[in-house]
Participant: 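Quick one: this structure, given as structure tokens, is what I'll be asking you about.
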Amino acid sequence: MKSFKRHLVTSALPYANGPVHIGHLAGVYVPSDIYTRYLRLRGEDVVSVCGSDEHGVPITLKARAEGVTPQDIVDKYHNIIKDAFAGLGISFDIYSRTSSPVHHQTASDFFRTLYDKGEFVEKYAMQYYDTEAGQFLADRYIVGTCPHCSNERAYGDQCEKCGTSLNATDLISPRSAITGSVPVMKETKHWYLPLDKHEAFLREWILEGHKEWKANVYGQCKSWLDLGLQPRAVSRDLDWGIPVPVEGAEGKVLYVWFDAPIGYISATKELTGDWEKYWKDPETKIVNFIGKDNIVFHCIMFPAMLRAHGGYVLPENVPANEFLNLENDKISTSRNWAVWLHEYLAEFPGKEDVLRYVLCANAPETKDNDFTWKDFQARNNNELVAVLGNFVNRAMVLTAKYYDGVVPAAGPLTDYDRDTLAELPGIRRSLEENLENFRFREALKDAMNIARLGNKYLADTEPWKLIKSDPERVPTILNVALQITSNIAIAIEPFMPFSAAKIMAMLSEDHFGWDRLGDSDLVAAGHRLGQAGLLFEKIEDEVIERQLQKLADTKKANSAAEAGKAAAPQKDTVSFDDFQKMDIRVATVIAAEKVAKTKKLLKLTIDTGIDRREIVSGIAEHYEPESLIGRQVLVLVNLAPRDLKGITSQGMILMAEDASGKLVLLSPSDKVASGATVG
RNA sequence: GGCGGGAUAGCUCAGCUGGUUAGAGCGCAUGAUUCAUAAUCAUGAGGUCCGGGGUUCAAGUCCCCGUCCCGCUACCA
């Protein structure tokens with residue numbers, strides 16, 4: 001195993017368009033903090049960096065929607081996120097932000113270096129341009145009528161009403177979201193990072209050099225590499241972000257995924273003048289903690305950027321967790337389906353470690369997991385209170401009662417005493433091995449096993465009986481119990497720093513250090529202990545019910561909003577003449593088959609009464625092809641033909657769609673001849 | 001549609017390169033105990049290891065087919 005002089009730990013930059021929730025924490029920040037704290041306790045040279053990711057289109061849209069500037073949005077969430085992390089004891093050495101001047105300069109220089117080295121390829125493309133605003137329009141900045149559901153407020157990348165994702169060129173009567181004017185197609189230039197150029201290197205580096213990466217990470221990288229890498233655009237037409245530092249690139253900024261990972265570098269720079277040794281010395285071990293949704297950026301894109309630049313060390317590991325669900329539903333910022341960290345901290349003061357414990361014990365390390373409030377309560381009451389808190393309390397209270405809070409000197413140890421204490425170094429080895437291999441759930445179990453060991457020891461030795469029958473033996477027992485307690489204080493610190501500090505205060509000790517984990521002489525005989533107190537308290541049902549009620553209210557609010565959407569406002573008045581232009585007919589489906597390599601498309605052959613023709617329709621997820629044959633449907637026959645997957649679609653099958661996006665065919669209630677007009 | 005990951009006791013998960021009666025924590029049942037926040041300790045019940053084929057002396061573990069969940073990606077009226 002390679003040994004390193006120092007460590008750099010990065011945690012995925014949270015996107016500053018909303019607060020941080022338990023999914024983020026379980027996936028990235030709790031594990032990265034445990035890892036970092038462990039390294040620090042071992043006395044390693046370690047730096048942990050993070051910060052807010054503040055660029056990109058969604059932030060500009062949120063700003064527009066709220067009538068404020070993008071800077072207002074990111075200022076608001078940056079502060080909420082930063083304070084919340086601090087509140088939970090996430091111990092970044094620096095929590096920076098990508099709107100900082102240092103970052104702008106760093107990212108800009110980085111781009112310029114690659115540009116000067118000729119590491120980019122330039123490509124021209126036709127794109128919508130707003131002549132009034134004088135800028136190119138990102139897909140999200142174009143609104144128009146959805147070709148599917150006729151929603152007039154569909155975006156250039158997606159129709160929010162029917163959920164369909166679109167190309168800007170698909171929109172009927174597109175308009176600029178900025179000025180409302182009609183955009184024109186104009187040629188634009190973008191810079192691409194030719195990932196294909198780095199493919200051979202990445203293949204060797206990951207597939208040969210890092211077989212130890214987690215299965216999900218390794219598998220996804222392999223899949224990308226096997227498919228062959230393509231050049232990827234690293235600039236965007238937008239006015240929010242870091243300007244492309246090249247002549248003639250006005251109105252263009254760095255793609256957010258280009259600038260965000262550079263944020264790790266900028267943050268390190270802000271933290272220390274010595275930043276280069278953490279990024280450029282091969283004796284630094286870099287670990288990037290991320291979620292499974294951005295594996296490709298951290299394992300393919302960012303390493304390619306660093307290599308193209310030259311002089312940088314690549315990550316040694318990129319542990320990516322899966323996702324955490326909440327009460328059986330996907331966590332969603334827009335649907336407000338989440339437990340927000342800042343709200344948790346306000347509603348559960350003093351229970352930071354409970355959340356840290358639950359999220360670590362239940363972390364989605366190998367597959368998606370579910371957070372439930374009932375489980376939260378059970379883990380608190382049955383594990384933290386009953387096992388950990390209880391043992392520490394027993395040791396403290398017994399010592400207070402029998403020896404006035406002074407650590408009694410141990411007499412001769414029995415075999416059982418020795419066997420018990422001999423377990424500690426073994427637990428330490430397991431704990432360390434698990435932490436170093438990013439198995440935090442298992443590692444936490446190891447730490448808890450020390451408390452289990454303590455409870456068993458007391459139950460077996462029964463000092464409360466011996467104090468009457470064999471009082472000579474009791475000092476030894478309590479001395480052992482207090483040594484175990486001290487070991488707990490060390491072992492749980494990476495996971496539950498607040499509780500570790502509480503135990504240290506109860507023991508009236510300042511510092512043991514990780515090196516002494518496993519020792520049996522941590523607290524000295526004659527040492528006076530501090531005041532005993534409870535580490536954890538039970539969480540009552542009412543507290544849990546309140547949280548569940550809160551979520552139920554969210555559900556209610558969401559379905560009310562859904563229903564509101566269903567009753568979409570009436571569209572603008574059309575003239576009778578306009579309506580008459582549409583030729584809607586009853587037609588009969590003659591044949592139906594799935595279009596190869598698509599999920600949603602069916603190719604239908606229909607008899608319109610006028611002719612037989614083919615129509616491609618996106619209903620494959622709602623109807624089996626066989627079930628359609630012979631059915632009568634309504635068809636808009638004079639819609640301009642359109643090519644879809646190489647098939648010319650001559651018309652549109654009319655469908656009804658409910659609020660959930662479910663599509664239903666419309667048919668005449670009695671059989672009518674094909675070709676009958678509708679109107 | 002392509003690709004990746006996952007599916008193991010009521011719940012949350014271990015099970016490394018195939019090898020004795022499939023493990024842990026929590027929950028449940030019974031017993032012990034009372035120093036401790038009705039906490040603890042012991043014992044036990046509980047599993048067609050997603051379904052179906054196959055390879056092998058031997059498969060939760062390998063291969064093939066399929067189902068469901070999540071992500072990436074393509075395409076999309």
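Lettering follows sequence order; numbering is per chain, from 1. Heavy-atom basis, side chains included; hydrogens, waters and symmetry copies ignored.
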Participant: From the options B:G27, B:U40, B:U33, select the nucleotide whose nearest atom is closest to the side chain of A:Lys465.
Facilitator: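 Nearest nucleotide to the side chain: B:U33.
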Participant: What's the gap between B:C62 and B:G18 when it is taken at their C1' atoms, as a whole Å value?
Facilitator: 7 Å
Participant: Measure CZ/A:Phe371 against P/B:C26 and give the value in whole Å, please.
Facilitator: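 Answer to the nearest Å: 19 Å.
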Participant: Need one value for A:Phe391: base, sugar-phosphate or nothing, where a base atom within 4.0 Å counts as base even if backbone is also close, heavy atoms only.
Facilitator: nothing
Participant: Could you check which of B:U40, B:G5, B:C26 has an atom nearest any side-chain atom of A:Asn216?
Facilitator: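 My answer, after comparing the listed nucleotides, is B:G5.
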Participant: Can you tell me if A:Asn479 and A:Gln483 form a side-chain donor-acceptor pair at under 3.5 Å?
Facilitator: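 The answer is yes; a qualifying pair exists.
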Participant: Excluding sequence neighbours, so at least two apart, what forms ring-ring contact (aromatic ring centres under 6.0 Å, His included) with A:Phe289?
Facilitator: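 Result, ring-ring contact (aromatic ring centres under 6.0 Å, His included) vs A:Phe289: A:Tyr35, A:Phe438.
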Participant: Answer yes or no: does a side-chain N or O of A:Lys222 lie under 4.0 Å from OP1 or OP2 of B:G5?
Facilitator: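 No, outside the criterion.
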Participant: So what does A:Arg439 touch, heavy atoms closer than 4.0 Å: a base, only the sugar-phosphate, or nothing?
Facilitator: nothing
Participant: May I have the distance from A:Leu534 (atom CG) to B:A39 (atom C1'), rounded to whole angstrom?
Facilitator: 11 Å
Participant: Report yes if at least one side-chain N or O of A:Asn382 is closer than 4.0 Å to OP1 or OP2 of B:G27; otherwise report no.
Facilitator: yes
Participant: Find which nucleotide of RNA chain B each of A:Phe297 and A:Lys292 is nearest to by heavy atoms, and output the residue with the more 5' nucleotide.
Facilitator: A:Lys292
Participant: Salt bridge or not between A:Arg473 and A:Asp417? Use side-chain N to carboxylate O under 4.0 Å.
Facilitator: yes
Participant: Out of B:U40, B:U37, B:G25, which nucleotide sits closest to the side chain of A:Asn393?
Facilitator: B:U37
Participant: Roughly how many Å apart are B:A14 and B:A7, using the C1' atom of each and rounding to a whole number?
Facilitator: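 It works out to 15 Å between them.
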Participant: Taking 4.0 angstrom as the limit, do A:Glu442 and A:Arg439 come out as a salt bridge?
Facilitator: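 Looking at A:Arg439 together with A:Glu442, the answer is no, because their closest N to O distance does not fall below 4.0 Å.
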Participant: What pairs with A:Asp353 under side-chain hydrogen bond (donor to acceptor under 3.5 Å, both in side chains), at least two apart in sequence or on another chain?
Facilitator: A:Ser499
Participant: Assess whether a salt bridge exists between A:Arg428 and A:Glu432, defined as any Lys/Arg side-chain N lying under 4.0 Å from an Asp/Glu carboxylate O.
Facilitator: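 A salt bridge links A:Arg428 with A:Glu432.
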Participant: Determine the Euclidean distance between corresponding P atoms of B:G5 and B:G44; express it in Å to zero decimal places.
Facilitator: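 It works out to 39 Å between them.
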Participant: Measure up the A:Trp205 and A:His210 rings against each other and bin them: parallel (under 30°), tilted (30 to 60°), perpendicular (over 60°).
Facilitator: perpendicular
Participant: Could you work out the separation of B:C75 and B:G52 based on their P atoms and round it to a whole Å?
Facilitator: 39 Å
Participant: Does a side-chain N or O of A:Lys538 approach OP1 or OP2 of B:A39 to a distance below 4.0 Å, or not?
Facilitator: yes
Participant: Show your working on ring-ring contact (aromatic ring centres under 6.0 Å, His included) between A:Trp373 and A:Phe348 and close with a plain yes or no.
Facilitator: CA-CA 13 Å; A:Trp373 280 107; A:Phe348 293 87; 5.6 Å; yes
Participant: Could you work out the separation of B:G6 and B:U12 based on their C1' atoms and round it to a whole Å?
Facilitator: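 Those two atoms are separated by 15 Å.
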Participant: With a 4.0 Å cutoff (strictly under), does any side-chain N or O of A:Lys330 reach OP1 or OP2 of B:G71?
Facilitator: yes
Participant: Considering only side-chain heavy atoms of A:Ala215, which listed nucleotide, B:G5, B:A39, B:G71, is closest?
Facilitator: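 Closest nucleotide among those given: B:G5.
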Participant: Could you tell me if the side chain of A:Val406 sits less than 4.5 Å from the side chain of A:Leu529, heavy atoms only?
Facilitator: no
Participant: Salt-bridge test for A:Arg203 and A:Glu208: reply yes if a basic N is under 4.0 Å from a carboxylate O, no otherwise.
Facilitator: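 So A:Arg203 does not pair with A:Glu208 through a salt bridge.
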Participant: Taking the same atom, P, in B:C63 and in B:G71, what whole-Å distance lies between them?
Facilitator: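 These two P atoms come out 26 Å apart once rounded.
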Participant: Would you indicate, yes or no, if B:U33 has its OP1 or OP2 atom less than 4.0 angstrom from a side-chain nitrogen or oxygen of A:Lys456?
Facilitator: no
Participant: Does A:Arg452 put a side-chain nitrogen or oxygen below 4.0 Å from OP1 or OP2 of B:A42?
Facilitator: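 So the side chain of A:Arg452 is outside the cut-off, no N or O lying under 4.0 Å from OP1 or OP2 of B:A42.
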Participant: Measure from the side-chain heavy atoms of A:Trp224 and tell me the nearest of B:G6, B:U12, B:U73.
Facilitator: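 That would be B:U73.
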Participant: Using the C1' atom in both, what is the distance from B:A22 to B:G4, to the nearest Å?
Facilitator: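 Pairwise C1' distance, B:A22 against B:G4, rounds to 28 Å.
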Participant: The side chain of A:Glu442 lies closest to which of these nucleotides: B:U40, B:U37, B:A14?
Facilitator: B:A14
Participant: In whole angstroms, how far is the C1' atom of B:A74 from the CD atom of A:Gln230?
Facilitator: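 Whole-Å distance recorded here is 12 Å.
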Participant: Between B:A74 atom P and A:Leu229 atom CG, what is the distance in whole Å?
Facilitator: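 Distance check: A:Leu229 CG to B:A74 P gives 14 Å.
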Participant: I want to verify a distance call: between B:G71, B:G5, B:A39, whose nearest atom is closest to the A:Asn390 side chain?
Facilitator: B:A39
Participant: Reading RNA chain B from 5' onward, which residue's closest nucleotide shows up sooner: A:Arg232 or A:Asp368?
Facilitator: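 The residue closer to the strand's 5' end, by nearest nucleotide, is A:Asp368.
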Participant: Rounded to the nearest Å, what distance is computed from the CD atom of residue A:Gln220 to the P atom of nucleotide B:C3?
Facilitator: 14 Å
Participant: Which part of the nucleic acid, if any, lies within reach of A:Glu365 when heavy atoms closer than 4.0 Å are counted: base, sugar-phosphate only, or nothing?
Facilitator: nothing
Participant: Suppose you measure atom C1' in B:G15 against the same atom in B:C57; what distance do you get, rounded to whole Å?
Facilitator: 23 Å
Participant: Mind checking if A:Val385 touches a base, just sugar-phosphate, or nothing, with heavy atoms under 4.0 Å?
Facilitator: base
Participant: Could you work out which one of B:G71, B:C70, B:C35 sits closest to the side chain of A:Lys401?
Facilitator: B:C35
Participant: Salt bridge check, A:Lys292 against A:Asp368: does any charged N sit closer than 4.0 Å to a carboxylate O?
Facilitator: yes
Participant: With a 4.0 Å cutoff (strictly under), does any side-chain N or O of A:Thr366 reach OP1 or OP2 of B:A14?
Facilitator: yes
Participant: Taking CZ from A:Arg441 and P from B:G15, how many angstroms apart are they, rounded to a whole number?
Facilitator: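 After rounding, the reported distance stands at 9 Å.
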Participant: Rounded to whole angstrom units, what separation is found between the CG atom of A:Leu535 and the C1' atom of B:A36?
Facilitator: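 So the CG-C1' distance, A:Leu535 to B:A36, works out to 13 Å.
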Participant: Of the nucleotides B:G27, B:U33, B:G71, which one has an atom closest to the side chain of A:Trp464?
Facilitator: B:U33
Participant: According to a strict under-4.0 Å criterion, is A:Lys445 in side-chain N/O contact with OP1 or OP2 of B:U12?
Facilitator: no
Participant: Please work out the stems of RNA chain B from pairs that are Watson-Crick or G-U wobble with both distances under 3.5 Å, keeping only runs of three or more consecutive pairs.
Facilitator: B:1-7 with B:67-73, B:10-13 with B:23-26, B:28-32 with B:40-44, B:50-54 with B:62-66
Participant: Tell me which nucleotide among B:U40, B:C70, B:C3 gets nearest to the side chain of A:Ala386.
Facilitator: B:U40
Participant: May I ask you to verify if any side-chain N or O of A:Arg394 is less than 4.0 angstrom from the OP1 or OP2 atom of B:U40?
Facilitator: no
Participant: Could you state the OH-P distance from A:Tyr218 to B:G71, rounded to the nearest angstrom?
Facilitator: 25 Å
